[in-house]
Amino acid sequence: MLSATLPSLSAGFVLPGDPSWDHARSGFNLTLDQHPAAVALPADARDVAAAVNYARAAGWRVAPQATGHNQGPLGDLEGTLLLNVSGLQEVRVDPGARRVRVGAGVKWERVVGRLNAYGLAGLHGSSPDVGIAGYSLGGGIGWLSRKYGMQANAVTAFELVLADGRLVRTDPDHHPDLFWALRGGGGNFGVVTAIEFEVKPVDQLYAGALFFEAERSGDMLDAWTALLPHLPEELMSWASIIHFPPIPDVPEFARGRSLAVIMAAHLGSEAEGRDLLAPLRALGPVRDTFAMVPPIVLSDLAMDPLDPLPFQLSHGLVDALPVDAMVAASETLTLVQFRHMGGALARETPGAGARATLPGEICAMALGVVMDEESGRAVRGALHAFDAALRPHRAGDYPNFVEEPSDASGFFAPGVWQRLREVKGRFDPTDLFAGNHHIPPA
Ligand SMILES: Cc1cc2nc3c(=O)[nH]c(=O)nc-3n(C[C@H](O)[C@H](O)[C@H](O)COP(=O)(O)OP(=O)(O)OC[C@H]3O[C@@H](n4cnc5c(N)ncnc54)[C@H](O)[C@@H]3O)c2cc1C
């Protein structure tokens, strides 16, 4: 009965029982099983509006999604239309103006190479597989963030379909409150169909990784944390302990090995970069890949997994690192990673969005792959120990790294939260849109 009244989207609706149902409802984290009422696969903004109008009339909610990299916070999708925007694949680069316009389904991998050819770089993060929309709506911390801040604040315009089905453009001159809310408030206000953003001139930079045997993890983290106060904001470094799986996606020398790794990107010369990183190099890495490189190298410097996998994740923004506890947790977890924060991430710029800054000196993140019940128990235990050790040092949360349904009021200062709720009340009073971290209408 439903299908008879469904709008005719170019790419269609997928309903339970359809042969492509399992594929259409799948996301990036294979431990999570999304069960929406239906999945819409629009091909353009008109399709998006038709799907939103249909869902509203049917009494469903609408959950926008691009890649499913942050599906956990959505929780139960009963009575919800999963609106998958991955068909919106427009990409336009204006190198002279240093501006990019992309459809809401575009992943960073489609943009970094084109920008690189013009000596430009976007403020992407660790994985080329992440969608620009979800990343930008929640904040976006990447290799250039200590110098240039979060991607959310590099956005110059969004186009989106509102709860009443209207397609609008938001920028500093059009619906400025909505433009403010979208830059940090996530998918709570409508379905974004296109994003425009600024990119930065980066021809070459000093970047790479120092790899150490995992037994040196404690020494590496001690040296790294001691060095942080002396690093300029042109240098972004991440320290990780990684158990690399023995799969072809992993560079050959690291395949199947456990390694402690410093990765960094320095917007400056090789001589400066070498000087700044000298205390870490003095520890004697087993491999050193640093060199002057074009910005495209940042796209997979972190060697993130590109294919969906079953995992549990935890994180915290902290002011200090309990090194011994982190090394202990790393024995069970596939990845523990620490990103140097501060610089432009801690500085509010005029005209910034709702996610203007992030607190903390370090963004700590841990991920455990869950293959069965036993590994699930072990990962839960290690994540629990990781969280407990970080608790005394916690400065806040980074919502894009929060993987379960949460009370989002804790992610914002009280005045920002109140304003977000008022904007939500004005543009989505019936709470049609289920964003990755729920903001209820005022
Ligand atoms: C492997 C991996 C690496 C990561 N690396 C980084 C990193 O380096 N830096 C960083 O900051 N974050 C990183 N993240 C977190 C990432 O920023 C979030 O998971 C982000 O939400 C992903 O966006 P997405 O569109 O790919 O995912 P999705 O799950 O598709 O989207 C996440 C949410 O964004 C909203 N959304 C997406 N598209 C739309 C739309 N068109 N309209 C309205 N709302 C929309 C929805 O609320 C949706 O629930 C990483 C995550 C993973 C899994």
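What you are looking at is a predicted structure, and each value in this text was computed from that prediction instead of being measured. Whatever order the structure lists them in is the order used to number ligands and atoms, beginning at 1. FYI, the numbering just counts along the sequence from 1.
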Tell me whether R169 forms a cation-pi arrangement with F179, defined as NZ or CZ under 6.0 Å from the six-membered ring centre and within 45 degrees of its axis. no
Within 45° of the six-membered ring axis of Y118 and under 6.0 Å from that ring's centre, is NZ or CZ of R114 located there? no
Would you say the side-chain atoms of [X] and [Y] include a donor-acceptor pair closer than 3.5 Å?
X    : Y    : result
H384 : D387 : no
T334 : H243 : no
D18  : S20  : yes

Within the structure, does G131 bring an N/O atom to less than 3.5 angstrom of an N/O atom in ligand 1? yes
Any N or O of G134 that comes nearer than 3.5 Å to an N or O of ligand 1? yes
What's the shortest distance from [atom] to any protein heavy atom, and which residue and atom give it?
atom                    : value
atom 28 (P) of ligand 1 : G68 N, 3.5 Å
atom 43 (C) of ligand 1 : G190 O, 3.3 Å
atom 41 (N) of ligand 1 : V192 O, 2.9 Å
atom 53 (C) of ligand 1 : H69 CD2, 3.2 Å

Of the choices L137, L123, V402, which has the non-hydrogen atom that lies closest to atom 36 (N) of ligand 1? L137
Tell me the nearest of Q71, H124, R339 to atom 7 (C) of ligand 1, using heavy-atom distances. R339
Where ligand 1 meets Q65 - atom numbers and elements under 4.0 angstrom, heavy-atom basis: 30 (O)
